[in-house]
Amino acid sequence: MSSSATRAAGNEPAQPADPVAAGPATTDAVSPPKGTRKAFWLRAALAAVAGVLLYLSFPPRPLWWLAPFALALLAGCLYGRRARAGFGIGFLAGLGFLLPLLVWTGEEVGPVPWLALATVEALFIGLTGLAVALVSRLPAWPLFAAAVWVAGEAVRARAPFGGFPWGKLAFGQADGVFAPLAALGGTPVLSFAVALCGFGLYEVLRIARRHPRRAAAALAVLSVGAPVVAGLAARPLVSDAAEDGTVVAAVIQGNVPRLGLDFNSQRRQVLDNHALRTKQLAEEVKAGSARRPDFVVWPENSSDLDPYLEADAYEAIDSAVKAIGVPVAIGSVLVPESGPLRNTMILWDPVKGPTVTYDKRKIQPFGERIPMRSVVRLFSADVDRVRRDFGPGKDPGVFDMAGSRVGMVTCFEAAFDDAVRSTVQAGAQVIAVPSNNATFGRSQMTYQQLAMDRIRAIEHSRTVLVPVTSGVSAVIRPDGRIVQRTEMFTADALVAEIPLRSSRTPATLVGPLPEYALLVAAAAGLGWVLTRRIRARPQH
């Protein structure tokens, strides 16, 4: 009996030999058999489970290896499906993944922003599922499907409102065997490897069940083995050698008076906390219990009082910087007479006072600026907590701090490939990611962001300093290892000798080219599908 007849004998409708070429079925209006309905609900449930497994692969859990299995399960749901079914399956997987991953976005403002963000982002994963279903019957389909996944991530990183890259596969792989691939081609290549391994794993199982020819089996196994081998082969690209000597750096975590959105109403207390902890570090240096740093970095929002306008804020900062006696990068909010606010890092010299500045370039939508304010207000009055929007800076910020070139990547910017890469390309020997996570309490957001910082360290082979107002602050070596870290909601200071590096990894050199190449591959796969469908149409 043929395979088509076998399927028809059961309760699953027969499919054409080449669903890609066959186009839409003509029986969609007919009520599906009971067995088909059961299969539909089973696939829907498995898609949601795949999304949850993908979530579980992300920090703070060290379960990076779950990601390929999650994608293999998702591939089983998508393989051979029609476009509409692929969208629905992808959307359900996206909800299973993003609802728990992004729950922290509703930490202080309720469930509406969280549910809205997760749903919008899941729609993009739905479109990705649609495209994966379309390419799933092409030869070597795991390659095209993995490229499609990266294309979906690329779109999410750019739209809407400037994009939201949270949840890239790459950001869950800081402890994994694939991580060195970040140094080869950045997060797109790392995500591609994870997706290829997952889709290839499903293809191995599918072909093995059908007793394949040796060539087909070898191709399937290769799609699983190649990413793993590539990850191991890329390890020599990851180095923490001190190419330009070493320096002693310090990060300050002053802590906030209380959790939640109201920490901003205690701006003077937050500033005083950071000034006090810096002065304490100066006393520890004098007592010989701490090494004297060459420079210090404070967190984002460590002074929400504009020191150019507030004399007492200026004095608090200046006295702390003079006490430690080295350059300090201060996170502040500048309030121009007109126009948007500025989320700014200020290089403060113990002799010259404030010198150069860096304005944050990637401004968080619905956090630091409110698009469509009148519409959003209908769903949440919390939008009016942001009374005046922040505006973006234009240029990378690299501070000369005691002879070390320290690149500033402020908080949310660490999620964006171009923001970090441009800072290193501008000459940064060290990356600093000053952040403020106090709004999100003790949620997993802090650990998800810390994992991003670890991937950026590997990607560009740079030490990453992470000062956070309330934690977790950390010192990350260029190989992605966390060598020092604080506890959450404690005042602390980290002092570490770190390597200075000026060489550029392949990822830094080639920039966005690997992502562009994968976008072309995804487009080629979808174009192939379209061509086959056009050729399969009856000729009149």
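All values below were derived from every heavy atom in this structure, side-chain atoms included, with hydrogens, water molecules and symmetry-related copies excluded.
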* Is any side-chain N of the basic residue among K362 and E368 closer than 4.0 Å to the acidic one's carboxylate O? -> no
* Asked: Do R361 and S422 get their side chains close enough for a donor-acceptor pair, meaning under 3.5 Å?
  -> yes
* Asked: Does the distance from a Lys or Arg side-chain N to an Asp or Glu carboxylate O, for E413 and K360, drop under 4.0 Å?
  -> no
* Structure fact -> Sorted by chain and number, sequence neighbours left out, salt bridge (charged side-chain N to carboxylate O under 4.0 Å, His left out) with D175 holds for R454
* When you check the side-chain N and O atoms of W298 and T278, is any donor under 3.5 Å from an acceptor? -> yes
* Fit a plane to each ring of W166 and F164, take the angle between them on a 0 to 90° scale, and name the class: parallel (under 30°), tilted (30 to 60°) or perpendicular (over 60°). => parallel
Could you list the donor-acceptor pairs under 3.5 angstrom formed by side chains in residues 178-185, with sequence neighbours left out?
none

* R405 and D244 ion-paired at < 4.0 Å -> no
* Scan residues 467-485 for pairs that pass salt bridge (charged side-chain N to carboxylate O under 4.0 Å, His left out), counting only residues two or more places apart or in two chains. => D240-R477, D240-R481, D479-R481
* Structure fact -> Those residues at least two apart in sequence (or on a different chain) that pass salt bridge (charged side-chain N to carboxylate O under 4.0 Å, His left out) with R369 are none
* F390: what forms a ring-ring contact (aromatic ring centres under 6.0 Å, His included) with it, not counting sequence neighbours? -> none
* Sort and list the pairs that fulfil ring pair (Phe, Tyr, Trp, His ring centres under 6.0 Å) and have at least one residue in residues 442-473, not counting sequence neighbours. => none
* Structure fact -> When rounded to the nearest 0.5 Å, the distance separating OG1 of T469 from CG of N273 is 10.0 Å
* Could D417 and R456 be called an ion pair, given the rule that one side-chain N must be under 4.0 Å from one carboxylate O? -> yes
* Output yes when R158 and E515 qualify as a salt bridge under the 4.0 Å nitrogen-oxygen rule, no when they do not. => yes
* Matching residue for Q484 among V466, V475, V495 - test: side-chain contact (heavy atoms from CB on, under 4.5 Å) -> V475
* Any side-chain heavy atom of L95 within less than 4.5 Å of one from I125? -> no
* Asked: With ring centroids as reference points, do W348 and Y314 lie under 6.0 angstrom apart?
  -> yes
